[in-house]
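For reference, the structure discussed in these notes is given below.
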Amino acid sequence: MICHKVYLIDDDAEMRAATAQWLELAGYDVTTFPNAPTALAQLNAEIEGIVITDVKMPKMDGMEFLARLNSFDKEIPVILVTAHGDVQMAVEAMRQGAYDFIEKPFAPERILDVIQRACEMRRLVMENRDLRRRLSDNVDIDQRLLGNCPAIRHLREEILNVSDTDVPVLIQGETGTGKEVVARCLHDFGARKDGNYVAINCGAVPESMFESELFGHERGAFTGADRRRIGRFEYAQKGSLFLDEIGTMPLPLQVKVLRALQEREVVRIGSNEPQPIDVRLISATNKDLLDECSAGRFREDLYYRINVVELRVPPLRERGGDILLLFDYFSAQASATYNRPAVPLKDQDAGLLMAHNWPGNVRELKNVAERCVLSSLPEEQRLSAILRNPNMEAVLPEGSSLQDLLRHYERCLLEQALLRHKGDVQLVMEDLNLPRRTLNEKMTRYKLERKDFT
Ligand SMILES: Nc1ncnc2c1ncn2[C@@H]1O[C@H](COP(=O)(O)OP(=O)(O)OP(=O)(O)O)[C@@H](O)[C@H]1O
Ligand SMILES: [Mg+2]
């Protein structure tokens, strides 16, 4: 930040022009006003500059002008130009918060030094404010994306680092890890926060609707298009567009999205006229998109275009003590929402939470905490009962097939039994009434290893 702006106020036009010219020659960017009221209409607490004002002026004198400036920003350096010998006035001005005074008539060289120091002071003030503002934003992001483990701290830093730029970001992470929270933070803590944040879940849009959803259509473009519709790209103008589950986007549409990103324009269906777009693209996926590329389900050129910066959201099981921190947080939240007592975490509960694999990550944890708060069981039994009986919807992504749900449920039951019996396969067989071979096959299929439970 360079501060070399000078606001010069003097009712004497000749004097004003001469001083301005001289300051400009010295490298300052000068704005002049013939009187204080017009200056006040233009000045505000954001100015990155200093004020030099005459004292004796009609309409409003320099002293009152100083008081008015102070009323909205005490840290704008104001240099008063006083009549020669008016020491009393000068002393009073300094007492009222003027930065300095110069006596008329003055030799320009003599005031350069004062102006330079005043500018330097303003620069420091503004830098400091900017820093404080950014720090308080950081406090906010701490409260949005919770967690103290190194990976989450690092993630928050990365978000703040790229949020002010326009580079496309791809967020990768398992289901329920907080990808959407990250996307929202990128927008809310970035330069486009005052624009729209427009999210679309690519997995949830029927293929036939996709193009119109993203690019919009003109009236009569196809049967049923009875009015013009603006697409998501256009809604996100000057803001951010979040393409969630981008891995599920149909291939023909991928071509169109790629073109829109390359050309920075979209064409509504039924129109010939391209609309320029200025959006920041954020995408998320829980699949490995490079795998999808090699399988021919995702276009490589699109992959490289959306993935200029990649943010990885770690699975909950890799976050250590954050599991307990988040549990406490969600349980307090649920107790406030449902007006029930919070469930204080006991040692054995902490053990259970830490040992759980959390396939549904933060979403699952949140669901478990809520169910704990709402459960009618005695406190000490709640957590183990709930973990033994997972809520599938909280664990798998929305729209999972019945087969996925069943498989997942089976895996959970096996995992719980192995935990309960500390990896003793014999006891698990008896408990679940399974022949050894079947149990072995299932453990292999679900990548469950005995040694992880002993
Ligand atoms: N670090 C976090 N701090 C606080 N809340 C979080 C955090 N991470 C996730 N959550 C909460 O957990 C839930 C799941 O998060 P989110 O929807 O962002 O996950 P996701 O990765 O987008 O899931 P999916 O893959 O299913 O789309 C939300 O209720 C979200 O608010
Ligand atoms: Mg999501």
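Just so it is clear, the model here is predicted, and its values are computed rather than measured. Numbering of ligands and ligand atoms starts at 1, following listing order.
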Considering distance alone, does some N or O of [X] sit under 3.5 Å from an N or O of ligand 1?
| X | value |
| --- | --- |
| Leu145 | no |
| Leu326 | no |
| Tyr329 | no |
| Thr177 | yes |

Measure up the Tyr197 and Phe242 rings against each other and bin them: parallel (under 30°), tilted (30 to 60°), perpendicular (over 60°). parallel
Nearest heavy-atom pair of Arg232 and Ala199: which atoms, and what distance? NH1-O, 2.9 Å
Ion pair check, [X] and [Y], cut-off under 4.0 Å:
| X | Y | answer |
| --- | --- | --- |
| Arg229 | Glu218 | no |
| Glu245 | Lys287 | no |
| Lys179 | Asp244 | no |

Measure the distances from the heavy atoms of Gly173 to every atom of ligand 1 and state whether one is below 4.0 angstrom. no
Contact between Arg144 and ligand 1, counting heavy atoms under 4.0 Å? yes
Which atoms of ligand 1 sit under 4.0 Å from any heavy atom of [X]?
| X | value |
| --- | --- |
| Thr175 | 24 (P), 25 (O), 26 (O) |
| Phe330 | 5 (N) |
| Val181 | 9 (C), 10 (N), 18 (O), 30 (C), 31 (O) |

Just to verify, what does Lys451 make a side chain to side chain donor-acceptor pair (under 3.5 Å) with, not counting sequence neighbours? Glu449
Closest to atom 13 (C) of ligand 1 (judged by heavy-atom distance), picking from Gln172, Arg363, Gln143, Glu364: Arg363
Counting heavy atoms only, which of Cys185, Gly360, Gly178 is nearest atom 19 (O) of ligand 1? Gly178
Against Val51, only a single residue in Leu8, Leu43, Ile79 fulfils side-chain contact (heavy atoms from CB on, under 4.5 Å); can you say which? Leu43
Show the numbers, then the answer: is there a side chain to side chain contact (heavy atoms under 4.5 Å, CB included) between Glu310 and Gln172? CA-CA 7 Å; Glu310 183 174 310; Gln172 287 211 281; 3.0 Å; yes
